[in-house]
Every structure is written in C-alpha cells, then in structure tokens.
Q: 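Quick one: the structure is below, questions incoming.
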Amino acid sequence: MKKKFKLILIFLLGVVAIFFQAAPSYGRFTFFDDKLLVDGYLQNQSSFRLGGAGLVSFENMFRIDADYKFSRNLSFYGSWRDIYDAVWDIRHDHGEFWDNNYGGSRDRLQNEDRLREMYGVLVVNKLTLKLGLQQIVWGEAVGLRLMDVINPLDMRRQFNVRDYADTRRGLTALRATYDIDPVRNWFAEFVWVPDFKKDLLDVSDPNPMFGTRNINGPWSIPLPPASFTPWGAPVIPVITQHKPTRYSFNSSNYGGRMGIELGGFFITLNYFHFFNHNPSTEFHGSTPLWFGPGGPSPIPGAGPPDLILLDLQQRFLRTNMVGGTFNKPLGDGNFVLMGEFALYPDEPMGSLDTSKHPDMVARKARLHAMIAFDYKRWIKWLNPDQMISFNGQVFEFWTIHHEWGLVEGPYNQKLPQSWTAVSVKANTDYCNGRVSPECVVLYDVTHSGWEFMPKVTFKYGDHWRPAIGAVIFQGSGLKLPFNVMNRKDEFYVQIKYLF
Amino acid sequence: MSNKKVILSILTVFLVIGFSGTSLFAQMPPLEKYQGPIKPGLVITKDNWDQYLPELKKLLPASKLIYNEFGVKEGGITIPIVEYSKKYPGVSPAWREASFKHQGTASIDPKTHELLNWQGGNPFPHPKNCSELLWNSYTLYNRTAGGHDDHRFYATFNLFDKNKYQKRFSWVNQERRYLNRVEMPPFGNLEPYRKDGIVFKGTIMITEPQDVRGFILLRHKYWDMTKPDDVFSYIPALKRIRRLTGGDLTDPLLGSDAIPDDFQVFQQKITPEMTWRMVAQREMFYPQFTSGWLEENPDMRPKYDMKKTGVGFPEKLEIRPAWIWEVSTNNPDYVYSKRVLYTNAVPLEETPGSFMIFWGENYDQAGRLWRSNGYLAIGVNPLGFHHLFGYLFADAQKSHYSLMDGWSSIHSKKEFSEYLPLDEGRALTIQGLLREAR
C-alpha cells in the first residue's frame, strides 16, 4: 500500500512538474509579503552498473527549502528531503538475481524522509549566531575531507557522484561568528556541537550465515571473508557498538577557527575536539566454544575449540584536529594557490601489534595535507566563448612515529607511513551555460587505485536540469578508497526539475 | 612663382597636421549636431522603422540598433523620442560640487597614465583629451547610475536567444567605493583604501533559480594599476568560501552575456598597457531619466512585461551629445582587444552633465564586434542619486541577449534609509557572505 502510494505521489508530482513547465517564467513561491521564500526540486537519478548488474538505482528525490526572513537580523532556514528508490520494486524478481543479491537492503536504503537542516540566524552587531540543525564546513579540499570533519556523512547511496552538501548529515550545533575587523576579513568563529551522529556506510557481510537474508546493498563495501583457525574452526566477531549520548554536554564536540587576510593570503587557523564519526574496534578477548549436546559451550571438550568468538567493541573515540588553510592568487590572478593542513595529534587507528596495543587500537599523530591550484585559461579551439577551469590537488597523509602493524579500514589494510593521492578536475560551459561538461580524476598513488567521473549537465529553461555521468573505478584488492569499488562502475542519468 | 607658393603652403599645412597629429588625436573633437527628421514627439514603431532606419543609424551605436530593431519588430515595443530632460541631474549635487572644488588639482602621469593627486569629483571637469575623459568616466571612480558611493540593487536577468526566451536568474548587487566619498557617510577615504589600496568592493548574491541560489561573488579592486582584482565566492554545493581566479571576471555569469568587467559598461581594470583615442563627438540617443521615489511615483519604473514584449524593453530616448572613444587593451590574453565607449558629453556645468558611459561595444581579439552593453532606462531620486531600471548585455555574434530588469535601494525612500550607507561587515566581507550563506 505504501509502495503504491509512493508511486502515485511520484506520478502526481511529475504531472505538476509538467504543468509548471508550461509557464515560461520561473518564480520562487513567496508568502507573507515576500518574507517566506520556498523552493526546491524533484529529481530522478537512474544508475546502471556496468558488467551485468544493470539498473541498480531508480531514485526519486523531493527536496523543499524554506527561508523566512523575520527581520534584517533574524532569519530561519529549513531543508527537507524525501527519497524513494523504486529499484527494489522494479527489479523485484522473486528470488532471482536482484532479490538474492540486494533484496535484504530494501528496508535500509529504499526510503528516507528527513529534515536535513533547520536553523535560525541571529545577528547582533558584530556577532552572528546560527543555531539548529546545520552543516558546518571548513577547509579548502574538494573530493576528500581533511578538516571537513564536523558533520558525518551518509555514504550509503552512491555518494561518490554526489556533492558533500547532499551527503553530510546535519547536526544540531551552535555556530557563533564574531566580526573582528571587516577591513582584513578578520573573524573568529566558535562551534559547539552537543549532538552526535556517525558516518553511515553500507558495510555488509558477503557470507551471510545460513538462514539469514543477504542484506547487501548495491553500494555495499564487502567485508573480508570469514576467517578460520588453522584447524578449521570459524572465528566469529561479536561486535558491540558504544555510541556517545546525543545531546549531552559531556559528549559535546567543540572548536573554533579564526580567519584573516594578510599580505594577499586568506588564512584560517582551526581547532576542533570531537568524536570520530567512525568507530575504532577494540579487541577485548576471545571466547573458545565447544559444540556439545546442549549447543556451543565454554566448557572445554576433547580437542581444540570448535568455534572462537571474538569480543570486539566499537567505540567512537575522541580526537583533536588542529590546522589551517590558506589561499592566494598568483601572477595575473588567473592562478590561485591553496592549501590545507590538518594535524590529528592523537588519531585512532588499528594495530596488529597486540604486544604494544592489547586492545588493537593505537593513537598516532597524523598530518593530513593538501596543496592545490585553480587555473583558468583560454583554449579557443576547445571553447571560443569561455575559459576552461582547471583544478589540481595533491593529498598527503603522513603518520608521524609510524610503527609496524598499523592498519585501517574494515579490511585491516596496512596503513603506510605516507599515503598520497592526486586529483584533477576540468570544466567549462557551452551554449550560454546550457551545456556544462566536467571531468574529475582521482588517483590513489599509494594503492594504485583510480576514480574517474565525467559528467555533463544541461540547463534548459528555468526548470529542467538533466545530467548524464559516470563513475569508473580501477584497482585491485580489498583496499579503500577506490580499489574495493572496482566492480561498481556505473553510468547514470539524472533528471531534475526545479521549482 | 605663385604655384610654388601654393605648393609650399599645402606642404606646410600637411607638415603642421603631421607633426600635430598626435595632439590632434588627443584633442576633443567638435560636436556633430544631428540635423535629421527625428525629433521629440516621434514614436518609432515597426511600421516606420524601415522609413527612419537611415536616421536611426546616425543616432544609435550599431549594436544598439540591432537590439532595438528586434525589440520593435519582434517584441512589438515602440520607442518614443522625448525631449532632452535638462532638469534631471546627471550626478549628485555633492559630486558636482566636489568636481569644481578640486578642479585643476589632478593630473595624469604621462608614462603610466596613472591618475595623480585626485581629490574628489570628476578630476577633469573640462577634459582636454581622451586620457582626461577616461579618468572622468571610469566607472570605479565616477559616481553615476549604478556607481554611487554605495548602492544596493535588485535585478533579474532574462536570457534570450534572439527573441526566444531561454531562462533567467536574479541577484542582489551591493557595491561600495572607498576613495573620495562625498555623497554619503562615511566621507573621505576609508580604511580599506588607506591600508590596502582597495578602491572598490562589490558583491553579487544570486537569489534564484534554485540550482544556483546562494552563489555569492565578492570582488576587491585596487588603486594600483598593476595589482589584479581579488575575487572570493561562496559556492552552495561546497558550502564554503572559495577564492576565484581573475579569469572569473571575464567569463560570463551563469550563461548570460554579462561579464563582471562589463558592469556599468566599463569596470575593467585600467592597466599601463592600455591605450585610448577619441573617435568623435556627436548627438546620439540617450536613455531617458525618470524621477521620484518608487513609493510615490511607481510609474517611474518602466513596465516591462517579458511575456508580451520578449527581449524588447520599454525605452524612451532623447537626443544628447555623446563622446565616442576607444580603449585598446593591448593584451592578447584578455577577452577583448578593444572597447568602443559612448559617454554623456553634456558639460558638467549643466544639470544633466555626468561623463556617464551609457553604451559600450567590445571587440574580440580577432577584431570582430562581440559583446555590447548599456543602459535602457534610468531613474533618479529627489536627492540626485540615480540607478538603472533596465540594462542590456548583448552578444552580437550569437544574437543572444541578457536583459536586466531591476530597481535599486536608491529608488526607494524606505530602502534608501534602511540599507544605505551599507553595513560594511554585512555586505562586503567574507564573514558577511557566511552570514547570508545557506
């Protein structure tokens, strides 16, 4: 019934979209003497996986934003999003390919109804207070997050092709900005986040136990296969997750930054004290079990254990980030250099060296750094009307006092002392901004993994914004961030209707 | 003998002309008055357009002629020719007073062309050459429509492919000039200029459509002719401030024909490489002023109905003297090779005098007419401040038009006192952008 209601709703919204499209002019909806402004969009994104899986998403999204200006000094903003991915209904095949592989993820991934942001902004002289459910973004890097760590991400639905603005999870927070000197663009900002949410990543079990349903989703990160003792007894992790209490003063995250313009540089200095959005997995011992008439039992029997249970506790550990950013135009101004440096003095990471770290969690200082440029240039044979924009970034993650046994991620992949990646992006506009191609290439130098994302957006009229794109991964082995996605290449078609 | 005298005389004349050629170029050309049949009271319609076309060619820049023909024949608008409105001031009283008060104090460096010892107002109320006209007209320093000490302006850009509507976007534009402020407080030279040589800051905030709503651009311009502009932006998809390149000032905004360097016709930075020359002074069509406060005189804003008239904007034109002059960029990497500019030539002593550049035609590096832009309608408030109601950006090569329909806080009695002078911290800083950001 709910499914039919959703389909009818999508159909009706589509009719409304076509009706509005008939009117040549665009306008936001305004109410209360233009104090309340409402707009949004309807979107369908259909994704096709290369290599046989076919249609993996038929996602319908409805987003509505409202902006209420009570006065010059007080305003409110809210954003609501509704997602219904019809692929589970379209491809429901009664126990065949789709149901077998992805049917169990329907409840988790098909629907979302969520208030994404809702906050008020109060301006009192030089002080601006932003309070409510919001996203707070720091840093200069695009594509990877170095100091953009205040909000967690929802990475369950093909997050690679989406803007972080669409995948960040809003947090209830207070952001206070004080204008110290407008001449120097000198400001100080304090952030307090009493809320906690974790990153959402679709990590599932590739070897479901007998009798349990496969809960993998189309973008699941496969866990490593089950492990066994030398004598063939399965080793099964029993995971208990401990999350910080939401809306607790003791669980608060807090920090601040200062920005200033000096000598042509725009510089920020940042500090944040927070709970990691991804848990660290602590080893708290193992329990050998023997099969007996009454089932598995810790009472030793003849021979080695038939089953080993690992007591693993996932905790979201506190950490600190201190760093800064800079940007400066160089030369004739067509070249902008920028950088971001975030030092995590006590970043939690996994360790196989149980002699030093019995709980298999180590803390090391790690520097996350990025140097980048933006550059625009005329290439007349490619585009006679507009410059081509280029962006290049080099990322370096350096573990200070590196030691043997450091690992990261769900595969316990070796954490090298130095992890390097580069990215390049090019984009321009044609036909008076009606055709906008772009291409992003990311390369994980350390693990030899690639991600390639071409996209073309079309802007016709005031309402329609179709786009086509692809995301191609290349690499081998169970390694994050790209190699493990090797068989998840997709192309997608997106149709968006603005209102 | 007499033949030799004649030949000698002719030679002498040629020698004089040849040696003084440079200064002749630099001297202001005499006014060519219009003597034709077009007079106030005539209304140009699609029925008489062809009949008056030879005369319209004398009174309109070529690119404006093409646009007006579209508007009349495709959009069905009519263009009334009205009396030259001598009663509406071309500049604010404070600006005119400052111009004459400091007359004679400014000069131009002959090597770098830099303006020296400028104390306020138009630096050369009676320009003797093109260099002096340039510094009078330059929109970063002159105070005319769209360019007062401070302004706040709301506009919608309607984009047309010929007369076919494509799409639109809307913005709020705020600007402040930091040097020689005489019109509104704070007066004098402000701290950004005294400390960092910033003469201008401007922001654009896009308010619709949804996919670009919230994009904000902040520009800093410097007195130093060799220092490029600083450009910051807030990009909603990234939810952060990003420093932009100088190339972003020469790329069209959001698919329109408007580039920031073309705002107010000529907001491009003057560089030492540029050269300029006078072309002519002649009587031409000039957009008519209307006056008052919008609350008391709503008709002062032309009634533009895009659905009825498409690309045609309801203009009224008057005949006025205009300087025509050329600026060559001499920079193969710049988007244009030269600009041809049309400037109000009414003497500053007369009420409508202003040195306002009201139309510009821009040529690509191959020497072809590419873009043009200028004012279609202007309104002045009772305090002598003006701003535009209609403005056009056109791409002659593609017959593409971006028609700006808007109004300013300068036109509204309520907004003039509420928003002006601007709050620097809110309107023109990075932290101000973050405040507005969503």
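Just so it is clear: chains get the letters A, B, ... in the order the sequence lines come, proteins before strands, and each one is counted from 1. Because the structure is a prediction, the values reported are computed rather than measured.
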Q: Is a side-chain donor or acceptor of A:D462 paired with a backbone partner of B:R168 at a separation under 3.5 angstrom?
A: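 Looks like yes, one N/O pair under 3.5 Å.
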
Q: From A:E117 CD over to B:K239 NZ, what is the distance, rounded to the nearest 0.5 angstrom?
A: 4.0 Å

Q: Using a cut-off of under 4.5 Å on heavy-atom pairs, state which of B:H220, B:H400, B:E191, B:Q365 scores highest against chain A.
A: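 Going by pairs under 4.5 Å, I would pick B:H400.
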
Q: For B:F232, is it the side chain, the backbone, both, or neither that has a heavy atom closer than 4.5 Å to a heavy atom of chain A?
A: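 Only the side chain of B:F232 comes within 4.5 Å of chain A.
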
Q: For A:D385 versus B:P252, what's the shortest heavy-atom pair and its separation?
A: O-CD, 4.2 Å

Q: Are the charged groups of B:D196 and A:R184 less than 4.0 angstrom apart, N to O?
A: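 Between A:R184 and B:D196 there is a salt bridge, with a charged N closer than 4.0 Å to a carboxylate O.
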
Q: Side chain from CB out, backbone as N, CA, C, O: work out which of these in B:R371 comes under 4.5 Å of a heavy atom of chain A, or both, or neither.
A: side chain

Q: Mark yes when over 12 heavy atoms from residues, nucleotides or ligands other than A:K380 sit less than 6.0 Å from its NZ; otherwise mark no.
A: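 Yes.
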
Q: Taking all non-hydrogen atoms of both residues into account, name the closest pair between A:A165 and B:P236 and its distance.
A: CB-O, 4.2 Å

Q: Do side-chain atoms of B:R240 reach the backbone of A:G139 as a donor and acceptor pair under 3.5 angstrom?
A: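 Between the backbone of A:G139 and the side chain of B:R240 there is a qualifying donor-acceptor contact (under 3.5 Å).
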
Q: Run the salt bridge (charged side-chain N to carboxylate O under 4.0 Å, His left out) test on A:D374 and B:R242 for me, step by step, so that the C-alpha distance in whole Å, both residues' side-chain angles and the decisive distance to 0.1 Å come before the verdict.
A: CA-CA 10 Å; A:D374 278 338; B:R242 195 129 178 110; 3.4 Å; yes

Q: Any idea which of B:R213, B:Q397, B:K227 has the most non-hydrogen atom pairs under 4.5 angstrom with chain A?
A: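 Looking at each of B:R213, B:Q397, B:K227 in turn, B:R213 comes out on top.
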
Q: Non-hydrogen atoms of chain A under 4.5 Å away: do they reach the side chain of B:V335, the backbone, both or neither?
A: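 Its backbone and side chain both get close to chain A.
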
Q: Against chain A, label B:K398 side chain, backbone, both or neither, depending on which of its atoms sit under 4.5 Å from a heavy atom there.
A: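 B:K398 touches chain A through side-chain heavy atoms alone.
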
Q: Below 4.5 Å from any heavy atom of chain A, which atoms of B:I198 appear? Answer side chain, backbone, both or neither.
A: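 Contact with chain A: none, neither part.
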
Q: Please flag which part of A:A141 lies under 4.5 Å from any non-hydrogen atom of chain B: side chain, backbone, both or neither.
A: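 Backbone only.
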
Q: B:D230 and A:E261: side-chain contact (heavy atoms from CB on, under 4.5 Å), yes or no, with the steps?
A: CA-CA 11 Å; B:D230 276 332; A:E261 224 186 317; 3.9 Å; yes

Q: Check B:Q431 against A:P182 and note the closest heavy-atom contact, atom names and distance.
A: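 Taking B:Q431 first and A:P182 second, the nearest heavy atoms are NE2-CA, 4.1 Å.
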
Q: For the candidates A:I136, A:D163, A:D181, A:V336, which exhibits the highest count of non-hydrogen atom pairs separated by less than 4.5 Å from chain B?
A: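 Counting heavy-atom pairs under 4.5 Å, the top option is A:V336.
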
Q: Which answer fits A:N327, side chain, backbone, both or neither, if we ask what part of it has an atom under 4.5 Å from a heavy atom of chain B?
A: both

Q: Between B:K195, B:R243, B:R426, which shows the greatest number of heavy-atom pairs under 4.5 Å with chain A?
A: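 Option with the greatest count: B:R243.
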
Q: With a 4.5 angstrom heavy-atom cut-off, which part of B:S256 approaches chain A: side chain, backbone, both or neither?
A: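 Interface part for B:S256: backbone (N, CA, C, O).
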
Q: Would you compute the distance between atom CG of A:L330 and atom OG1 of B:T245 and round it to the nearest 0.5 angstrom?
A: 11.5 Å

Q: Counting only N and O atoms by type, is there a donor-acceptor contact under 3.5 Å from the side chain of A:R72 to the main-chain atoms of B:E418?
A: yes

Q: Count the heavy-atom pairs under 4.5 Å between each of B:D229, B:D161, B:L238 and chain A, then report the option with the highest count.
A: B:L238

